[in-house]
Each structure stands twice: as structure tokens, then as C-alpha cells.
Amino acid sequence: MRRILITGGSGFIGSHLCRRFLDDGDEVICMDNLLTGRLQNIEDLFGRDFFTFLKQDVSEFIHVPGSLDAILHFASPASPSDFERFPIQILKVGALGTHKALGLAREKGATFLLASTSECYGDPEVNPQPETYWGNVNPIGIRGVYDEAKRFAEAMTMAYHRAHSVSTRIVRIFNTYGPAMRPDDGRAIPTFFAQALRGEDLTVYGDGSQTRSVNYVSDLVEGVCRLLDSDYALPVNIGNTQEMTVRALAERILELTGSSSGIVCRDLPPDDPKVRRPDISLAGRVLGWKPQVSPEEGLRTTLAYFEQEVSRAQG
Ligand code: UDP
């Protein structure tokens, strides 16, 4: 049995990881300061053996008694709407939080896995994006707080790997969706589902011609597990390659929900990437990974979740 610390464990992706490792027979310590994470995401885990929750901010000094085999650093607000609400917390958790988590990994002799992001590529000039692309990031724009925090986190991770021989992994996560996202999270998929289910018009930013490639959370979790079990220290993209425009995504969600809502256009936020699609050939070669869940299937499961969330909020 491995003993695994997951920072941001009550967030969207973190909560899925906690459940997966528990199901695989590992002991899980979930750490979260609940800034954007929610206890609701892990309420089914509290009664389980080998699960501990620590309410702690990973950007402060962290202490975890006992041994650790792995640390998965998933703590960070990650929605573009969080970039304006929590800019300093995002920079702190990417920089100070990553430093603390790496220090803990070094002390415990644990493998460290960093949740990085396709945002490292910024508004990319190449499409699809391979891991070898260095990116096109505006460091002082509103997205810069997240992009640069994660780029710094990658640099810090590689420094600990090279200078202290810590066993490290870096996953670059592309747009991921599924149950446990907050309906008010601000990202496109939760926003469109919540709006469609409440009978409000869907707010498409710009003309909606910008593209994204959306990956269902179970596929991401499988990729993360395989990466952790590998010995590959350089960044690996994990995402779906079915690229679509944001307008097409909104239309698909309208169709799926059977909503009579319309689509309204709003200003495109600054530095919003025009295209995004991962090159996943490295994940295929190194991890034998490729996505299994089609957008149709994933969006259908996600709809059932948001129906519950929206009716819970409406009481
Ligand atoms: N978007 C939109 N309407 C919304 C929220 C987002 O049109 O209510 C757009 C956003 O401008 C971006 C895309 O959808 O082009 C994906 O945004 P998201 O916030 O999900 O994540 P991003 O990929 O930008 O980090």
C-alpha cells in the first residue's frame, strides 16, 4: 500500500484522484485550504479507511507525519475567472506551494507529480502543441498569474529533480471537465451547462471561433496514474485531440440539454488563446495512453451531474 498526499484534493480533479487511489488500495491524505475546493466533492470519502483530510494551505509550511511515497501537487485555483479573484493566491500556490511540496517530497523520498497546464503554451503560435513548444505567454496579462506560476512550478520541479535527484513528474493538463466542477466556476463547460439548465442565454466570449479540445476527467486521471507509475521526468501533455470551436461547444450543450436558451456574445477576455489542441504522441509512446471517452459520452455524464447541482442550488 502506498501513502499518497494530494494537495488540492477536494478540488475538481483532486477529488477524482483521491477516489481513484483509494479504489486502487492506496492510503490517501487530502490537503486543501478550501479556497476553491469543496468538501462536497469528497464527502463520500470521509467514512472510508485510509483517507485523511487536512485543512491546510500548502503555500504555508506543511507538515505531514509519517512516510510518503508520492505527492501530487494539484492545489491551485484554475478557472480564468479565478485569475482576477485570486491572482496572488495563484502565484503563491504555484511558487511557494510548489516549493513546500517539493521540499516535503525531498524529505520523505517521495515521488513528486506536478499538475501543470496547457496554459504554459499561452496563446500558441503552433497547433497542435507538442511538449517541445516553449509557448507564447504574456507575463503581465490577467492570465499571466496562472501561466507564469505554472511555468515557475515546472522550473522549480526540474531544479529539484536535477539538483536534489527528487523523482519528479510533470503533467500538462488540457481543458478537462466532468462531475465535481462548480457550476459557478466560470469556465466554459460548467457555465454553459448551468445557463442552459436555468433557461438563461449562453454567454459565448468573442465570436466563439476560438477552439478548445475537451477531455473527460476519467481519461485525465488514468493519464496521471500512468505518469506517476512511469519514470518519465519531462512534461507530458494529457488531453483530448477533438478540437472544436467554443460556439460549437455551446451549441452541443444546448442540444444535449434540450434547452430553449439562445447564445449571446460577450467581449473576449484579453489573451484568450485562439486555438488549443494537444499533441499527445508522447503520452502514447511513453505511457501507452490515449483518451477513451468521447465528448458525447463525457458531456452526457456531466449533464446528469449538473442537473443535480442546479436543482440542489434551486432548493
Ligand atoms: N468562454 C465563453 N463563455 C464563458 C466562459 C468561457 O465563451 O462563459 C470561452 C473562453 O473565452 C475560452 C473558452 O470558452 O475561449 C474556454 O474557456 P475556459 O474558461 O473553459 O478555459 P480556458 O481554456 O480559457 O482556460
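Start at 1 with the first residue, then count along the sequence. Given the structure is predicted, the values throughout are model-derived calculations rather than measurements. Counting starts at 1 for both ligands and their atoms, following the listed order.
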| Salt bridge Arg151-Glu148, side-chain N to carboxylate O under 4.0 Å | yes

| field | Electrostatic pair Glu309:Arg38 at N-O distance under 4.0 angstrom | value | yes

| task | Considering heavy atoms of the protein only, find what lies nearest to atom 15 (O) of ligand 1 and give residue, atom and distance to 0.1 Å. | result | Asp272 OD1, 2.6 Å

| task | Report the relative orientation of the aromatic rings in Phe193 and Phe306; use parallel for angles under 30°, tilted for 30 to 60°, perpendicular for over 60°. | result | parallel

| message | Could you tell me, atom by atom, which parts of ligand 1 come under 4.0 Å of a heavy atom of Glu119? | response | 25 (O)

| said: Apply salt bridge (Lys or Arg N to Asp or Glu O under 4.0 Å) to residues Lys150 and Glu154 and explain how you reach the verdict. | reply: CA-CA 6 Å; Lys150 290 292 189 181; Glu154 287 198 3; over 6 Å; no

| query | Hey, is ligand 1 close enough to Pro80 that some N/O pair sits below 3.5 Å? | reply | no

| request: For atom 25 (O) of ligand 1, grab the closest protein heavy atom and report residue, atom and distance to one decimal in Å. | output: Arg143 NH2, 2.9 Å

| ligand 1 contacted by Arg276 (non-hydrogen, < 4.0 Å) | yes

| said: Tell me whether Arg172 is salt-bridged to Glu131, with the criterion being a basic N under 4.0 Å from an acidic carboxylate O. | reply: no

| task | State whether the shortest distance between N or O atoms of Arg187 and N or O atoms of ligand 1 falls below 3.5 angstrom. | result | no

| In terms of residue, atom name and distance, what is the protein heavy atom nearest to atom 3 (N) of ligand 1? | Thr203 O, 2.6 Å

| task | Would you please classify the geometry between the His63 ring and the Phe61 ring as parallel, tilted or perpendicular, with 30° and 60° separating the classes? | result | parallel

| said: Using the salt bridge (charged side-chain N to carboxylate O under 4.0 Å, His left out) criterion, which residues pair with Arg182? Sequence neighbours excluded. | reply: Asp82, Asp184

| query | Hey, is Asn175 touching ligand 1 through its side chain, its backbone, both or neither, going by heavy atoms under 4.0 Å? | reply | side chain

| query | Does Ser81 reach ligand 1, in the sense of a heavy atom lying below 4.0 Å from it? | reply | no

| message | Please confirm whether Arg266 approaches ligand 1 to less than 4.0 Å, judged on its heavy atoms. | response | no

